[in-house]
There are 2 protein chains.
Amino acid sequence: MEAFSTNPLLWIVPISGLVAIAVASYFAYDVLSSPTGTPAMQEVAGAIYEAAVAFIKRQYRTIALLAVGGMVVIMIVIYLFESAPGVSASELAIRTGIAFIVGAACSMASGIVGMFVAVKSNLRTAAAAQTSVADALRISLRGGAVSGILVVGLSLIGVFVMFVAYGGFEHPEQAPFTIVGFGFGASFVALFAQLGGGIYTKAADLGADLVGKVEAGIPEDDPRNAAVIADLVGDNVGDCAGRGADLFESTAAENIGAMILGVAIFAVTHDVAWILFPLVVRGFGLIASVIGIFTVRGSETKSPMSSLNLGYYITVALSIAGMFLVTNTMLNTKGAGIWFFYAGVVGILTSLAFVFITQYYTAGSFRPVRETTASSAITIAIALFLSHWFGEQWGNATGLPHGGIYGTAVATMGMLMSAAFILAEDTFGPITDNAGGVATMARASEETRLRTDALDAVGNTTKALTKGYAVASAALAAFLLFSAYLDKVAQLTGKPFDTVDLAKVNVFLGGFLGAMLVYLFSSLAIRAVGRAGAAIIEEVRTQFREHPGIMDGTERPDYGRVVDITTASALRNMIAPGLLAVGAPIVVGVLLKAEAEAAMLMVGTMAGVILATVLNNGGGAWDNAKKYIESGQLKDDAGKVLGKGTPAHAAAVVGDTVGDPFKDTAGPSLHVLIKLLATITLVLAPLFV
Amino acid sequence: MEAFSTNPLLWIVPISGLVAIAVASYFAYDVLSSPTGTPAMQEVAGAIYEAAVAFIKRQYRTIALLAVGGMVVIMIVIYLFESAPGVSASELAIRTGIAFIVGAACSMASGIVGMFVAVKSNLRTAAAAQTSVADALRISLRGGAVSGILVVGLSLIGVFVMFVAYGGFEHPEQAPFTIVGFGFGASFVALFAQLGGGIYTKAADLGADLVGKVEAGIPEDDPRNAAVIADLVGDNVGDCAGRGADLFESTAAENIGAMILGVAIFAVTHDVAWILFPLVVRGFGLIASVIGIFTVRGSETKSPMSSLNLGYYITVALSIAGMFLVTNTMLNTKGAGIWFFYAGVVGILTSLAFVFITQYYTAGSFRPVRETTASSAITIAIALFLSHWFGEQWGNATGLPHGGIYGTAVATMGMLMSAAFILAEDTFGPITDNAGGVATMARASEETRLRTDALDAVGNTTKALTKGYAVASAALAAFLLFSAYLDKVAQLTGKPFDTVDLAKVNVFLGGFLGAMLVYLFSSLAIRAVGRAGAAIIEEVRTQFREHPGIMDGTERPDYGRVVDITTASALRNMIAPGLLAVGAPIVVGVLLKAEAEAAMLMVGTMAGVILATVLNNGGGAWDNAKKYIESGQLKDDAGKVLGKGTPAHAAAVVGDTVGDPFKDTAGPSLHVLIKLLATITLVLAPLFV
């Protein structure tokens, strides 16, 4: 524990972890002790809760089984192929296996707790909306914050504990490599959580829309639609649980990747600060985010978005201060730490840029999709270039190696300092969406619904924003983890390995197959939504046909059957894309070897980042077109409003059914795929050398 | 001319070139002397002809201006930055400039002649269909063959003449580099021809469909639709002229790329056969294709597709024989030429595989899109891997270097041996499509229309098939041209340059921006179609409103105005994506330098090949879904047919309006972009070192 005395800032890690748990508990208590509204609302919310829990139970049981299978495979691979100085093969296998399963368990816990609190927050947000927008905002944001804070806190504590447990203070140059399994476990769970949840949510959504809005001509969230509960459940299991697992893995994988890069500088300076830096800066970011969330105060007159933005600016300002403190204390070799501060600021400003870009473009049609994709990609390119350049300046000033890539690592850490805030905003989205659904189904007053609608509109923006943030962080992290992979292969073979040469035919093929994997995976995910959606439509049609009383309101549809069908279909259909994502990099690595695997990772990441942005924004644009028509703003040449029920609206709903799985299933699953590629190559590197 | 005596097979180049011109002239004569049908047909065909010529004139004037501008820029760049032994800077600049403008002119000529004959063939095919499928098939295929044979013949002669004129027999190691400008000129024209034509054809198509089928509820090709002539014109200017220019550039660029790779082996063996091989094998391929086309005999009972397939098998068999002869004569160093024969067979079989894959998958919905993409990508990967491996075996047997990459070059040449046949089949598609339109608009007999419909269905398959073929050849060629680029940079700097290391940050960025370019370019192209289409819809609506007589058939719509609007809009909208495609690689190369440029080229190619396949096949699937509904095969639960006029049909038409620009504008333009990237980097390499 000498590290604590030489690096007193390290105390922020346990402290911020404890603060996170305390604040999350307080927020959960605050939400749960809020009023629960009318009996009608409670009934609707009860149905959502029940169905969501049922799905999560079945989903996580499936995932747990897959994770145990994955662990066994990993342990066998490590035992047979890997060796490290001073550790026996069996111990190495056991360590990696445990790290994997602990990572998987933490990720599952984050998903489950976040989803649980979110479902509970829906009802209370709807209840608060009966009287006040400010209260409704507070409850929905705090409900979301439980998830956001826990995810980041658990990931930080998890990585730190694994690091200490695997002798990080004794052999700091080895421990980061053994805890990669933790990141892989988290990725593994995130992949299936995001896939299963994403398929569920969009299948239910498009099923409900097509059969309700288009065929039967009834409004959104109408209680006569048998798919409406499944639709509301979908927001929770897809957006809350899935995204929670996704960001848990991001933060874990990026921490570990940055620590591995720190090892390279540690090897020269023998200063463990280079390895601990990512954890410390993450701790400061967590505290900054918590303070930011506390400062968000709703108002009856101001737009909720500006309250949220203010909180975010405070988080950013505190993050910059924290970054200055940490870089100047821990990375200030020969007084050149300021270069890393600059690199960190680049990362922090990148996150700010993404928040701006998303808000600016959320309100448009096709043009913005192109522009968002371009401006997102160019922002990432500039951030990567600048942070690398600043790191190189540090290298020039100190004469030490590996500065450039460490600069990128610092920027990535900077970008992720506000992760807890962003994630809170993200989970806020489905909570407000559900609150609106609860209010509509419980036939609440017009004013209540206006208030939930106002929050819901903000929620859509914050959801979009997190996706941009997640993509950007995935891109930065991939470059990081990619370098870590090169280091790992070099460590395994004992030979330098620092080029990935596309001019070799097997490397070119690896890259090409990486680009292909990204498309194939997305199309499988989209296809899964189509399949599950078709099953739902079939069921709702049957209910309408066999129970004519549903349409005139005298009979209650069987919501449960639709929920069951959606659950079974989502779980069945998440397996194929999931196994493809895990299997393809293994096959390519084994057949074409380590350098081709690196190309697969890199090109897959490039194509994946761009495709995810296109899918996220394209889907958003289709969604916006539909909302534009529904709001009555589209007019024909004669000035007649082309609103709901017109062919234009039907066409827009059809467009949205294409766009929905783009933005809420395939896009987010791609973020996870990118990071999974990175962690899988790191953990299974022994197979590829 | 000593080369002719040491390599007597070289005679095939001028011979096959002359044969090509003779056969193309004979086919053109045969088509033009066929009967021209009823006066009503002649009237319709006359309107199409007039409008197509008007568009091509305006388009090629614009392209010619852009090409002259491009030439000036290139000459300045070469003059300022390039140098080569024994040649002054000004001579180098003039040579490259002339090569560029000759390539551009040849490409324009191919496009114009092909389009001209195709437009003339429409009418004669419709006339022949009044009595016989076999005659209609003969005329439409021969009409298409004029274009196919001329494109390949002109490209072969063009490259050969440039090679001789630039002292290829005296300095064979230098000439291939100076004629790269020829390929660039061809690419440059192809890009704008494909973009302008692609925008025109799809804007007219979707405009006609949306306002006709969906809004007014009138059938396809109905004379009351003011956009119908523009739609028929579109098939000619997009599919004929655009694809002609595209394949002209493919064959030229791939010839040149393979010759440059030959220089590396020539440097060791001092045998010019390595540089001349691509031209010779191309000559044999041309003869094989001509014979294959002659053997296609229609029949009143057999499916036209099986007649075409038989002709293709004959072409393939003759190509294999030709490949055996050429590899055994010219590449048989130390008796190891058989390895290159194997590599060549890999290429020939790859083209066969693509023909099969496309035919197998042309009749499906979403699932095939994914499978086609995967099986296409895997076929390309296997072909690349195998041909490289065979080339390496040659290297092992002879102890000579560069065998692997030359194996890939041989496979690419093998794949392209049947280019003339494939291109004939491709142009056959729009001819039969137009013949059907002419028959419908001229209110020809039911039997006539059944015959043209049968041919049109085959035409759709052959069009799809060419796209797969074009993508695959682009992928193989890119790897080839990429190696040529590395050689060129090494020649310019005098230092070895054979790695493209993605682990460097600027190289990573180059790759990332390459992936971005591909998306941005596609979205600009799709957007252009939307813009032009909206203008058409506006105009047709106005005509319907202001001239109520159109709908009841008493008034003739103003087809000319729609044609004018489409022309102006297509030309205006092709500029932005075109300049992006040309500008982006220059900016990246200048800022991030040669290695990053290589990564942009490689990753752009990978992402582009996959995206083009997705766009081509996805668009095709949407199209098929529409046709499936229109054929009355879709039924609801109660067994009722959901045909034209139902919401399902309207939704499918909307889907097709998304899919159409995917498959006919963005996809084909991407093929051109990929090859343009390759030639632009080669020609402007001096800027990037």
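From a predicted model like this one, the values you see are computed outputs, not experimental measurements.
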* Just do the side-chain contact (heavy atoms from CB on, under 4.5 Å) check on B:Y406 and B:V410 with the steps written out, would you? => CA-CA 6 Å; B:Y406 204 79; B:V410 175; 3.8 Å; yes

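Counting only residues at least two apart or on different chains, the salt bridge (charged side-chain N to carboxylate O under 4.0 Å, His left out) pairs with a member in residues 499-509 of chain B are B:K504-B:E595.
Taking every heavy atom of both residues into account, A:A381 and B:L513 meet most closely at CB-CD2, 4.3 Å. Nearest heavy-atom pair, A:L384 versus B:F508, reported as atom, atom and distance to 0.1 Å: CD2-CE2, 3.2 Å. Here the shortest heavy-atom pairing between B:G407 and B:A343 reads O-CB, 3.6 Å. In terms of heavy atoms, A:H388 sits closest to B:V505 at ND1-CG1, 3.3 Å. Taking all atoms of both residues into account, the shortest heavy-atom contact from B:A678 to B:L481 is CB-CD1, 3.4 Å.
Distance check: B:R531 CZ to B:L524 CG gives 8.5 Å after rounding to the nearest 0.5 Å. Interatomic distance, A:L206 CG to A:I537 CD1, rounded to the nearest 0.5 Å: 6.0 Å.
Only the side chain of B:F482 comes within less than 4.5 Å of a heavy atom of chain A; its backbone N, CA, C and O stay farther away. With a 4.5 angstrom heavy-atom cutoff, A:L592 touches chain B only via side-chain atoms. Only the side chain of A:L486 has a heavy atom closer than 4.5 Å to any heavy atom of chain B. With a 4.5 Å cut-off on non-hydrogen atoms, A:V609 touches chain B through its side chain but not through its backbone. Both the backbone and the side chain of A:T499 have a heavy atom closer than 4.5 Å to some heavy atom of chain B. Looking at A:L509, the atoms closer than 4.5 Å to chain B (heavy atoms on both sides) all sit in the side chain, from C-beta outward.
Note on B:V500, B:T605, B:I380, B:L517: by heavy-atom pairs under 4.5 Å with chain A, the leading option is B:V500. Heavy-atom pairs under 4.5 Å with chain A peak, among B:A515, B:S522, B:G514, B:G404, at B:A515.
Within the 3.5 Å criterion, the main-chain N or O of A:W389 finds a donor-acceptor partner in the side chain of A:Q393.
Contacts with chain B (heavy atom to heavy atom, under 4.5 Å) involve these residues of residues 597-604 of chain A, listed by number: A:M602, A:V603.
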